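FYI, side chains are in, hydrogens and waters are out, and symmetry mates aren't considered; it's all heavy atoms of this structure. The structure displayed is predicted, hence computed values, not measured ones.
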Amino acid sequence: MTSPAPSAPDSLARVLVCDDHAVVRAGLRALLSSADGIEVVGEAAGGDEAVALAGRLAPDVVLMDLQLGPGTDGIEATRRITARPVAPRVLVLTTYDTDADVTRALEAGATGYLLKAERPEELFTAIRAAAQGRTALSAPIAGRMVAAMRAPRPGLTARELDILAQLAQGLANREIARALFISEATVKTHLSRIYDKLGVDNRAGAVAAAKERRLLP
């Protein structure tokens, strides 16, 4: 089990910023420098650099974007950072708010998930919470998760489960149609229904949601 990094003295939250845009990194550094109890100890322009700096600088929190250009993305970087015996908390800060992205980030080990549209005070509060090991979610995302829990979606049919299993193997629509002896158009129709029932909008999201709900062997 991953252990939290040691708390900084005087409740100071030491932060590593990871974003592939230099302007964004500079803006975040300036913004966070204005907050009490938060110190930016480093910046990373990509996933591999974030993993290396997280090990060397031992921050309390890594502020992680999801899309980082070529190379290791934010999800894989989060997984590698949080897999260490003593690891910082990872707080995702991104513009992507689909259920699939949120699920993938949390499964990778992220402590929280924020949108870049948050007010500065909300970002500061989330960083302090993450540094103490508490989950921090943007209000819209938290609201959707609660609503989904309170209103379970319809179950998948046997045929939809068959298609989902083929999807998990990485098969394309044409290959799924050939394997199940149905038309490609029928596969697309079933996929649309699967996405709706699982609350996702793409193939990767469907597989991630199915694994989370134990719908796949």
Side-chain angles (χ1 to χ4, degrees), residues 1-2 18 20 46-48 50-51 62 64-84 87 90-115 135-138 140-217:
M1 179 179 294
T2 298
C18 180
D20 61 332
D48 292 327
V51 174
V62 178
M64 179 74 71
D65 193 11
L66 290 185
Q67 299 298 326
L68 298 172
T72 301
D73 65 9
I75 296 294
E76 179 58 25
T78 296
R79 184 175 292 110
R80 288 164 59 186
I81 289 171
T82 59
R84 291 168 171 159
V90 175
L91 182 60
V92 171
L93 180 65
T94 184
T95 57
Y96 300 91
D97 67 344
T98 67
D99 291 347
D101 285 322
V102 176
T103 298
R104 290 173 62 228
L106 296 180
E107 287 182 342
T111 295
Y113 197 105
L114 295 182
L115 302 178
T135 300
L137 297 173
S138 285
I141 292 172
R144 283 208 316 266
M145 293 178 70
V146 171
M149 292 173 64
R150 290 177 176 173
R153 299 178 184 275
L156 299 182
T157 65
R159 175 57 82 188
E160 289 165 353
L161 288 172
D162 288 340
I163 290 177
L164 196 55
Q166 301 292 323
L167 205 64
Q169 296 178 35
L171 299 186
N173 289 355
R174 181 173 299 179
E175 295 170 315
I176 295 175
R178 188 179 302 119
L180 298 179
F181 303 101
I182 56 179
S183 70
E184 193 170 346
T186 299
V187 172
K188 291 179 180 178
T189 298
H190 281 302
L191 283 176
S192 177
R193 292 172 182 163
I194 290 170
Y195 294 167
D196 182 60
K197 290 180 179 181
L198 295 180
V200 300
D201 57 11
N202 56 51
R203 302 164 75 91
V207 173
K211 289 181 179 178
E212 180 184 11
R213 302 183 191 190
R214 303 180 184 231
L215 297 177
L216 292 172

> Is Thr186 close to Leu180 at the side-chain level, that is, under 4.5 Å between some pair of heavy atoms?
Replying inline: no
> Got Thr94 and Asp101 here, is their nearest side-chain heavy-atom distance under 4.5 Å?
Replying inline: no
> CE of Met64 to CG of Leu91: how many Å apart, nearest 0.5 Å?
Replying inline: 10.5 Å
>> Working to the nearest 0.5 angstrom, can you tell me the gap between Leu161 CG and Leu156 CG?
In response: 5.0 Å
> Charged N to carboxylate O below 4.0 Å: is that the case for Asp196 and Arg193?
Replying inline: no
> Which one of Arg203, Lys188, Gln166 satisfies the side-chain hydrogen bond (donor to acceptor under 3.5 Å, both in side chains) criterion with Asn173?
Replying inline: Arg203
>> Check this for me, if you would: do Arg178 and Glu175 make a salt bridge, where the nitrogen-to-carboxylate-oxygen distance has to be below 4.0 angstrom?
In response: no
> Rounded to the nearest 0.5 Å, how far does CG of Asp65 lie from OG1 of Thr95?
Replying inline: 6.5 Å
> Salt bridge or not for Lys197 and Glu160, using N-O below 4.0 Å?
Replying inline: yes
> If you round to the nearest 0.5 Å, how far is CD of Glu107 from OG1 of Thr78?
Replying inline: 12.5 Å
> Is there a side-chain contact between Val102 and Leu106 (heavy atoms, below 4.5 Å)?
Replying inline: yes
> At what distance, to the nearest 0.5 angstrom, does CG of Leu137 lie from CG of Leu114?
Replying inline: 8.0 Å
>> So which atom in His190 and which in Ile163 form the shortest heavy-atom distance, rounded to 0.1 Å?
In response: CB-CD1, 3.2 Å
>> Give me the atom names and distance for the closest heavy-atom approach of Val92 to Ala105.
In response: CG2-CB, 4.0 Å
> Is a donor on one side and an acceptor on the other found under 3.5 Å between the side chain of Thr189 and the backbone of Ala185?
Replying inline: yes
>> Quick check: do Val200 and Thr103 have side-chain heavy atoms less than 4.5 Å from each other?
In response: no
> Where do Leu115 and Ile141 come nearest, in terms of heavy atoms and distance?
Replying inline: CD2-CD1, 4.1 Å
> Do you know the tightest heavy-atom contact between Leu68 and Gly46?
Replying inline: CD1-C, 4.0 Å
>> Less than 4.5 Å apart, side chain to side chain, heavy atoms only: is that true for Leu66 and Asp73?
In response: no
> Name the one of Leu191, Ile194, Val187 that satisfies side chain to side chain contact (heavy atoms under 4.5 Å, CB included) with Leu167?
Replying inline: Leu191
> Could you give the distance from SG (Cys18) to CG (Asp48), rounded to the nearest 0.5 Å?
Replying inline: 9.5 Å
> If every non-hydrogen atom of Gly109 is compared with every non-hydrogen atom of Thr82, which pair is closest and at what distance?
Replying inline: O-CG2, 3.6 Å
